[in-house]
Amino acid sequence: MGKEKESDSNLSAQIGTEILEDSVERAVDVDVDVKAKQTTAIPAQGAPPPNSLEVPDGGLTAWLQVLGALVVMLTTWGLINSFGVYQTYYETVLLTSNTSSQISWIGSLQGALLMLGGLLSGPLFDMGYFHALTVSGLFLVLLGLFMTSLCTEYWQVLLAQGITVGIGCGLLFLPSAAILSQYFARRRALALGIQSVGSPLGGIVFPIIFSRLEPVLGFGWATRVIAFVLLGLSVVPLVFMRPRVPPPNHKRAFFDIAALTDIPFLSFAGAGLFTFAGLYVPFFYIQLYALRYGIASADLSAYLVTLLNAGSVFGRLLPNFAADYLGSMNMLAAMTLGASILAFAWFGVRDLGGTVVFVLLFGFFNGGVTSLPPSAIVPLTPDLSRLGTRMGMLFTFIGLAVLVGTPIAGAILKDPEDDGAWRGLIAFSAATMLVGGLGFVSTEVLHLRWLRRKEEEDAM
């Protein structure tokens, strides 16, 4: 149990680990095979040679997989976490005739397609198409960025940056994370922790590149420079990343019917839906908010998105460490309620110092909220063989929340010059996270009651 708990905590260190059902299943497969090898010298019928089942837990090849996975995280979640600077540019320069809600659909589509893409990339990865997924995913991300640099109308940006880049991210993310479980067991926490740094790293670097180059080179070339950076970095996963174990023999379940009658699980999924509907509102709108109220100049305001991502680095590490001792669900509830309190505090932010403190703290709590669900769901899964399936179901809810959350906030913000509209946007973000945080508390209470009832039944 201690090893399973450590593995689950490791998974939660990623921002994007929300849909790592295949990673969990692969980890279980490898660990079971290694244990079987230790207890008998005769491999199971149809199993690969024994040496192929030994988890290296280090070495040059294994660490090159981590480097490649870090690049993929930077390419996927790093781009999505940088959308705030594009949101501001589109609203103030390129797409001034479109509403905030319409523009928000671009970024929300990226995030939603990344999460939902695991429904396709997971089975294909199991079938042995890792290299094809990597090539096609990188191609679509780069194609989408280069096409975005040429866009002048809303539908073009939506198709290129929202859909094309989003599908590419969905093909890349899950396989690149799942492959690490084939190379690491004891050091899996360290490997996944290093990989997860790619997400905030991209969220820090890309906004700086765009905000510094756009005034000098223009929107097109600023976006193309980011694309060329990713083109160069794509050599790493293409050359070095490769699976080391064959696909599992069992077929992956896509849906767990029993979950529909599992009240704690449904409570957890509902809480996640509310939480993620409001969680990314500050990422999309903090820069525009700073410009609207004269808190920062156009150059300085772009760094607010960077500071949000900088704060999330620590939020992905410290809460997960504490979760091993205090419980993942307890920490998730605390981090969500903390993010909600900070969102309510956003009402009073009117100067640069307060804004900097707000974005750093909110980034910290955001990192905890996004990284804890994979470990929090484990106690809610009576049959661990269905863990991956339940994670996929959970993050389908979360993907839908990410898809509609920021566009709803944009619909509330009909006029950026209207103070009442801004209060409505902030209230939406804070209230949805408050409901989500209370939902996680309710989930823990319901789960404890279920455990007590089960113990009483076993004692009879």
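Worth knowing before you read on, the calculation uses all heavy atoms, side chains too, and leaves out hydrogens, waters and symmetry mates. Worth saying up front: this structure is predicted, and the values here are computed from it rather than measured.
- Judged purely by atom type and a 3.5 angstrom limit, Ser82 uses its side chain to pair as donor or acceptor with the backbone of Gly202.
- What you find for Val359 and Leu308 is that their closest heavy atoms are O-CD2, 3.3 Å.
- Of all non-hydrogen atoms in Val85 and Pro207, the two that sit nearest each other are CG1-CB, 3.6 Å.
- Only one option out of Tyr90, Tyr89, Trp221 pairs with Phe210 in a ring-ring contact (aromatic ring centres under 6.0 Å, His included); it is Tyr89.
- When side chains are defined from C-beta on, Val157 does not count as touching Tyr86, because their heavy atoms never get closer than 4.5 Å.
- Cation-pi geometry between Arg350 and Tyr293 is satisfied (NZ or CZ under 6.0 Å from the ring centre, within 45° of the ring normal).
- Side chains of Ser100 and Glu91: a donor-acceptor N/O pair is present below 3.5 angstrom, by distance only.
- Minimum heavy-atom separation, Thr406 to Ser108: OG1-CB, 3.5 Å.
- Of the inter-residue distances, the one linking Phe276 atom CZ with Ile398 atom CD1 reads 4.5 Å to the nearest 0.5 angstrom.
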Point to revise | Test log, rule side chain to side chain contact (heavy atoms under 4.5 Å, CB included), inputs Phe219 and Thr148 | key: CA-CA 9 Å; Phe219 166 76; Thr148 299; 4.0 Å; yes
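- Residues Ser234 and Thr75 fail the side-chain proximity criterion, which asks for heavy atoms closer than 4.5 Å.
- Side-chain atoms of Gln110 come within 3.5 Å of backbone atoms of Gln161 as a donor-acceptor pair (strictly under, hydrogens ignored).
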Exercise for review: Dump the intermediate steps for side chain to side chain contact (heavy atoms under 4.5 Å, CB included) on Thr88 and Leu291, then the final yes or no.
Suggested key: CA-CA 9 Å; Thr88 301; Leu291 292 176; 3.5 Å; yes
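- A heavy-atom distance below 4.5 Å is found between the side chains of Arg224 and Leu150.
- The six-membered or imidazole ring of Phe83 lies near that of Phe284, with a centre-to-centre distance under 6.0 Å.
- Between the side chain of Asn366 and the backbone N or O of Phe362 there is no donor-acceptor pair closer than 3.5 Å.
- Inter-residue side-chain proximity for Leu145 and Leu79 is flagged as met; some heavy-atom pair is nearer than 4.5 Å.
- Across every non-hydrogen atom of Pro282 and Ser429, the tightest pair is CD-OG, 3.9 Å.
- A salt bridge does not link Asp415 to Arg292: none of the charged side-chain nitrogens sits closer than 4.0 Å to a carboxylate oxygen.
- The aromatic rings of Tyr289 and Trp346 sit perpendicular to each other, their planes meeting at more than 60°, with 30° as the lower class boundary.
- Summarising the geometry, atom CZ belonging to Phe428 is positioned 4.5 Å from atom CD1 belonging to Ile408; distances are rounded to the nearest 0.5 Å.
- The closest donor-acceptor contact from the side chain of Ser312 to the backbone of Gly363 lies at 3.5 Å or more, if one exists at all.
- A 4.5 Å side-chain heavy-atom check between Trp422 and Ile412 finds every atom pair outside the cut-off.
- When all heavy atoms are compared, the tightest approach of Gly168 to Val141 is C-CG2, 3.8 Å.
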Exercise for review: Tell me, with the steps shown, if Leu337 and Phe365 meet side chain to side chain contact (heavy atoms under 4.5 Å, CB included).
Suggested key: CA-CA 9 Å; Leu337 291 173; Phe365 282 93; over 6 Å; no
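- The CG atom of Leu201 lies 8.0 Å from the CZ atom of Phe206; values are rounded to the nearest 0.5 Å.
- Contact annotation: the side chain of Leu360 approaches that of Val356 to within less than 4.5 Å [non-hydrogen atoms, C-beta and beyond].
- Residue-environment remark: CZ (Phe364) exceeds the threshold of 12 foreign heavy atoms within 6.0 Å.
- The backbone N or O of Ala69 sits nowhere less than 3.5 Å from a side-chain atom of Ser176 that would complete a donor-acceptor pair.
- The heavy-atom pair separating Ala112 from Val402 by the smallest distance is N-CG1, 4.1 Å.
- Atom OG of residue Ser442 and atom NE2 of residue His447 lie 14.5 Å apart, to the nearest 0.5 angstrom.
- Put simply, the side chain of Leu74 reaches to within 4.5 Å of the side chain of Leu230, judged on heavy atoms.
- Using a 4.5 Å heavy-atom cutoff, the side chains of Leu158 and Tyr154 are in contact.
- The side-chain contact (heavy atoms from CB on, under 4.5 Å) with Met241 is formed by just one residue from the set Val66, Thr61, Ile179; it is Ile179.
- The closest side-chain donor-acceptor pair between Ser267 and Thr443 falls under 3.5 angstrom.
- Checking side-chain atoms of Ser136 against main-chain N and O of Ala132 turns up a donor-acceptor pair under 3.5 Å.
- Although no hydrogens or angles enter the test, the distance criterion places no donor-acceptor pair under 3.5 Å between the side chain of Gln65 and the main chain of Ala62.
- For Gln102 (side chain) and Asn98 (main-chain N/O), no donor-acceptor pair under 3.5 Å exists by modelled atom type.
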Exercise for review: Go through the steps to decide whether Val205 and Val229 satisfy the test side chain to side chain contact (heavy atoms under 4.5 Å, CB included), and finish with yes or no.
Suggested key: CA-CA 11 Å; Val205 173; Val229 170; over 6 Å; no
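- Put simply, CZ on Arg242 and CZ on Phe130 are 10.5 Å apart, with the number rounded to the nearest 0.5 Å.
- Partner of Ser199 under the side chain to side chain donor-acceptor pair (under 3.5 Å) criterion, chosen from Asn81, Thr370, Asn309: Asn81.
- The environment of CZ in Phe314 is sparse: at most 12 heavy-atom neighbours from other residues, nucleotides or ligands sit within 6.0 Å.
- The OG1 atom of Thr76 lies 11.5 Å from the CG atom of Leu171; values are rounded to the nearest 0.5 Å.
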